[in-house]
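Notes follow once the structure below has been shown.
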Number of protein chains: 2
Amino acid sequence: MRRDSRLSRMLHVLIHMDRHYKRATSETISKMLGTNAVVVRRTMAGLRDSGYVRSEQGHGGGWELARGLDQITLFDIYEAIGKPPLFAIGPSVDQPECLVEQAVDAKLGDALKEAEALLLERLRTITIADIAADFDRRMPEGRCNIHTEQSASA
Amino acid sequence: MRRDSRLSRMLHVLIHMDRHYKRATSETISKMLGTNAVVVRRTMAGLRDSGYVRSEQGHGGGWELARGLDQITLFDIYEAIGKPPLFAIGPSVDQPECLVEQAVDAKLGDALKEAEALLLERLRTITIADIAADFDRRMPEGRCNIHTEQSASA
DNA sequence: ATCATTTGTAACAAGATAGGTTACGTGTCT
DNA sequence: AGACACGTAACCTATCTTGTTACAAATGAT
Ligand code: FES
Ligand code: FES
């Protein structure tokens, strides 16, 4: 698999839980995301540990939101899934002896750090509620074709 | 292997060729980078096709610069190695049906595009000569500990 | 001409990581 | 007691960069 899609997936799930279900099982969520229930538990474990969702075991259990979407930024979720690396390029060795290599890494690192800072600042600024608001603009009825067709349970 | 280090490596090689050798074989370069000669040929093939270096086969052959370092930007090299993906995160599916997912990808994509634009703009601005100048500031004598020790040929 | 040197390239192995799958344990409601 | 649902470990798969082996082709030296 290529790019880490956990952030994107978790945002999807949280909006889904806010708009469609108050409580959802890993099984339901996995159908929605087109993946496996274990993957859902594994990924959402981070969100639970960070206090954004609650999970309950046993009969009637599942996942539910622990706070409003306007109280969660994209950075919060990025952090909750373990701050995976943002960039796919970088230096070859960590502590290069060669001074040319040090100069290369410093200059390239500066550019990467700038871009990273900008990206993280954006993630900090945007709340999940902002994305949900965008969704409302795209589909005023608030319908999700996948949910309304109940194909998730098929 | 984790992050794509080709850009960093190629910058290193080009400065190396400018400062230390006029012509270098893949074998020599591979020792310098701590890798294999075939990897060097494979990666530098892109630079050759883009006109930044020349290669010559046979006895006495090898690689040499085709233009000055002030005529090559970091973006040029990034492009020459095939514009590998810059980010390690992204959406899970390309054309999501779910409208929530579309909204997520749009918002997250905007942030990523902004960061990408900033990064590419930096890469376009910085020439390899700029990095070489930084190297001169770090080590005014212009010595490379690896080269001077001749450990590359050991 | 022959041989050593060096690039060009294909084919395959290795290492890393995200994701998928199976299995089983634990808690909870009926 | 039994069904349901999370928790977690273990293992497999897919994909990508990098490393390695092997061999062909070109070029200069002898
Ligand atoms: S919100 Fe996208 S499948 Fe439910
Ligand atoms: S310039 Fe870094 S090893 Fe030569």
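Below, chains carry the letters A, B, ... as their sequence lines are ordered, and counting in each starts from 1.
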| said: Check the orientation of B:H16 and B:H20. Use parallel for under 30°, tilted for 30 to 60°, and perpendicular for over 60°. | reply: tilted
| Using the ring of each side chain (for Trp, its six-membered ring), is B:Y78 parallel, tilted or perpendicular to B:F75, with breaks at 30° and 60°? | tilted
Separation of atom [atom1] in [X] from atom [atom2] in [N], rounded to whole Å:
| X | N | atom1 | atom2 | answer |
| --- | --- | --- | --- | --- |
| A:M44 | D:dG7 | CE | P | 10 Å |
| A:E27 | C:dG20 | CD | P | 13 Å |
| A:I29 | C:dG19 | CD1 | C1' | 17 Å |
| B:L7 | D:dT18 | CG | C1' | 16 Å |
| A:F87 | C:dT17 | CZ | P | 18 Å |
| A:D4 | D:dC16 | CG | P | 15 Å |

| request: Carefully, step by step, assess B:T28 and B:T25 under the rule side-chain hydrogen bond (donor to acceptor under 3.5 Å, both in side chains). | output: CA-CA 5 Å; B:T28 302; B:T25 67; 3.0 Å; yes
Under 3.5 Å, which donor-acceptor pairs link side chains of residues 41-53 of chain A to any protein atom two or more places apart or in another chain?
{"from": "A:R41", "atom 1": "NE", "to": "A:S26", "atom 2": "OG", "distance (Å)": "3.4"}
{"from": "A:T43", "atom 1": "OG1", "to": "A:V39", "atom 2": "O", "distance (Å)": "2.8"}
{"from": "A:S50", "atom 1": "OG", "to": "A:G46", "atom 2": "O", "distance (Å)": "3.1"}

Tell me whether the OP1 or OP2 atom of [N] has a side-chain N or O from [X] closer than 4.0 Å.
| X | N | result |
| --- | --- | --- |
| A:R23 | D:dA5 | no |
| A:S5 | C:dG19 | yes |
| A:S55 | D:dA5 | no |

Distance-only donor-acceptor hits, side chain of residues 111-127 of chain B, under 3.5 Å, sequence neighbours excluded:
{"from": "B:E114", "atom 1": "OE1", "to": "A:R122", "atom 2": "NE", "distance (Å)": "3.2"}
{"from": "B:E114", "atom 1": "OE1", "to": "A:R122", "atom 2": "NH2", "distance (Å)": "2.7"}
{"from": "B:E114", "atom 1": "OE2", "to": "A:R122", "atom 2": "NE", "distance (Å)": "2.7"}
{"from": "B:E121", "atom 1": "OE2", "to": "B:T125", "atom 2": "OG1", "distance (Å)": "3.4"}
{"from": "B:R122", "atom 1": "NE", "to": "A:E114", "atom 2": "OE1", "distance (Å)": "3.1"}
{"from": "B:R122", "atom 1": "NE", "to": "A:E114", "atom 2": "OE2", "distance (Å)": "2.7"}
{"from": "B:R122", "atom 1": "NH2", "to": "A:E114", "atom 2": "OE1", "distance (Å)": "2.7"}
{"from": "B:T125", "atom 1": "OG1", "to": "B:E121", "atom 2": "O", "distance (Å)": "2.7"}
{"from": "B:T127", "atom 1": "OG1", "to": "B:A129", "atom 2": "N", "distance (Å)": "3.4"}
{"from": "B:T127", "atom 1": "OG1", "to": "B:D130", "atom 2": "N", "distance (Å)": "3.2"}
{"from": "B:T127", "atom 1": "OG1", "to": "B:D130", "atom 2": "OD2", "distance (Å)": "3.2"}

| query | Once each nucleotide of nucleotides 20-30 of chain D is scored for protein heavy atoms under 4.0 Å, what B/S/- sequence comes out, 5' to 3'? | reply | BBB---BBS--
| said: By nearest heavy atom, map A:R48 and B:G34 onto DNA chain D; which one lands nearer the 5' end? | reply: A:R48
| task | Could you tell me the separation between the CG atom of B:L65 and the CZ atom of B:R54, rounded to the nearest 0.5 Å? | result | 8.5 Å
| request: Give one of base, sugar-phosphate or nothing for A:R54, where a contact means two heavy atoms less than 4.0 Å apart. | output: nothing
